[in-house]
Amino acid sequence: MKMRAWILNEPSPVSDRPLTMAELPVPTPSADQLLLRVAVCGICRTDLHVVEGELPVHRSPLIPGHQIVGRVAGMGSRVEGFAIGDRVGVAWLNRTCGVCEFCLGGRENLCEQAMFTGWTVDGGFAEFAVGPAAFTYRLPDTFDDIQAAPLLCAGIIGYRCLRLTGLSLEDWRGARLGLYGFGAAGHVCIQLARARGAEVYVCTRDRERHQALARELGATWVGDAKDEPPIKLDASIIFAPAGELVPVALRAIRKGGTVVLGGIHMSPIPAFDYSLIYGERVVRSVANNTREDGREFLLEAASTPVQTHTQAFSFDQANEALIALKNDSIRGAGVLVMH
Ligand SMILES: [Zn+2]
Ligand SMILES: [Zn+2]
């Protein structure tokens with residue numbers, strides 16, 4: 001059986017429309033994998049980094065896409081607990097080794113041998129995809145397919161970023177959180193933070209869409225990317241891949257506060273004066289997520305409940321969707337819809 005899939009042969013700027021449509025055999029699930037008929041696949045900034053070559057090439061040609069919502073259409077001989085037709089999600093963390101010090105220590109997100117959907121293995125910009133059953137998520141019924149897609153990366157990563165701010169659950173009431181960049185992850189993150197009782201300060205360059213959405217979702221204050229919020233913040237998350245925002249965010253944070261870098265790629269961070277980080281301020285990155293992050297997040301997203309704002313693109317528009325993401329012209333999260 002054949003399927004239609006978008007493939008990347010060689011990274012290049014999205015303005016060159018680097019994805020090409022191909023007809024490929026439907027993949028056969030290995031013993032521990034599910035075969036999914038893909039319903040939708042979210043579009044994430046990481047896809048942009050893969051397609052444009054900011055991340056190294058691990059597989060060529062490659063089917064990108066790592067926020068896959070689909071129905072089980074087949075499975076390997078060792079899979080248990082799934083039935084044909086079940087709705088599941090496949091996310092960025094595709095597989096880990098299970099035996100390295102990180103996997104054994106509860107930090108599988110740092111696994112040395114980890115595989116990543118739509119980067120080191122084929123992803124979901126296709127009519128079918130495979131993924132290990134142990135790394136797929138059941139999706140809460142409160143979200144339809146399109147609403148669920150951005151939860152699978154933007155949502156889970158945003159959740160882990162919130163965790164790594166160092167604020168404990170009881171600290172959130174009245175806490176002041178800064179968000180730099182307000183795309184797919186930011187718009188989910190603000191909803192969790194607000195539901196936990198925090199004030200959220202949003203710095204983003206796009207007035208028309210991102211700043212407006214931030215206001216709509218209850219931001220206490222909204223400014224331009226480099227504007228200084230009117231009050232010192234307890235913690236901040238930088239989602240924009242712009243290293244020059246690190247000193248900007250440090251300047252806006254109180255002593256002992258943490259700046260979390262949420263992206264997989266960032267432009268170089270300029271040198272800054274020691275006084276900006278003195279006072280026990282912390283800068284730390286977030287790398288991937290554990291499955292526990294994913295499960296906890298999906299529960300919290302359903303109970304909050306998070307409302308994802310999405311812009312649907314038809315399957316044929318994968319290149320256009322990536323161009324729109326690059327131009328910051330998507331309000332909320334972009335999603336490719338297969339049929
Ligand atoms: Zn490992
Ligand atoms: Zn992603």
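Along the sequence shown, residues carry numbers from 1. In listed order, ligands and their atoms are each counted from 1.
- The salt bridge (Lys or Arg N to Asp or Glu O under 4.0 Å) pairs that include a residue from residues 40-60 are Arg45-Asp328, Glu52-Lys326, Arg59-Asp122, where partners are two or more places apart or lie in different chains.
- Within the structure, side-chain hydrogen bond (donor to acceptor under 3.5 Å, both in side chains) pairs that include any residue of residues 215-227 comprise Arg207-Asp224, Glu216-Arg331 (at least two apart or interchain).
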message: Walk me through whether Asn289 and Trp92 qualify under side-chain hydrogen bond (donor to acceptor under 3.5 Å, both in side chains).
response: CA-CA 9 Å; Asn289 63 276; Trp92 174 244; over 6 Å; no
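- Draw a line from the Zn ion (ligand 1) to SG of Cys100 and another to SG of Cys103, and the angle between them is 110° (to 10°).
- At the Zn ion (ligand 1), the angle from SG in Cys97 to SG in Cys111 is 100° when rounded to 10°.
- Using modelled atom types, one finds a donor on one side chain and an acceptor on the other under 3.5 Å when comparing Gln33 with Ser30.
- Ser275 and Asp273 share a side-chain donor-acceptor pair at under 3.5 Å.
- Here OG of Ser285 is found 8.5 Å from CG of Leu164. Values are rounded to the nearest 0.5 Å.
- The salt bridge (Lys or Arg N to Asp or Glu O under 4.0 Å) analysis of residues 134-153, with sequence neighbours excluded, yields the pairs Arg71-Asp145, Asp86-Arg138, Arg87-Asp145.
- Protein nitrogen, oxygen and sulfur atoms, that is N, O or S, within less than 2.8 Å of the Zn ion (ligand 2) amount to 3.
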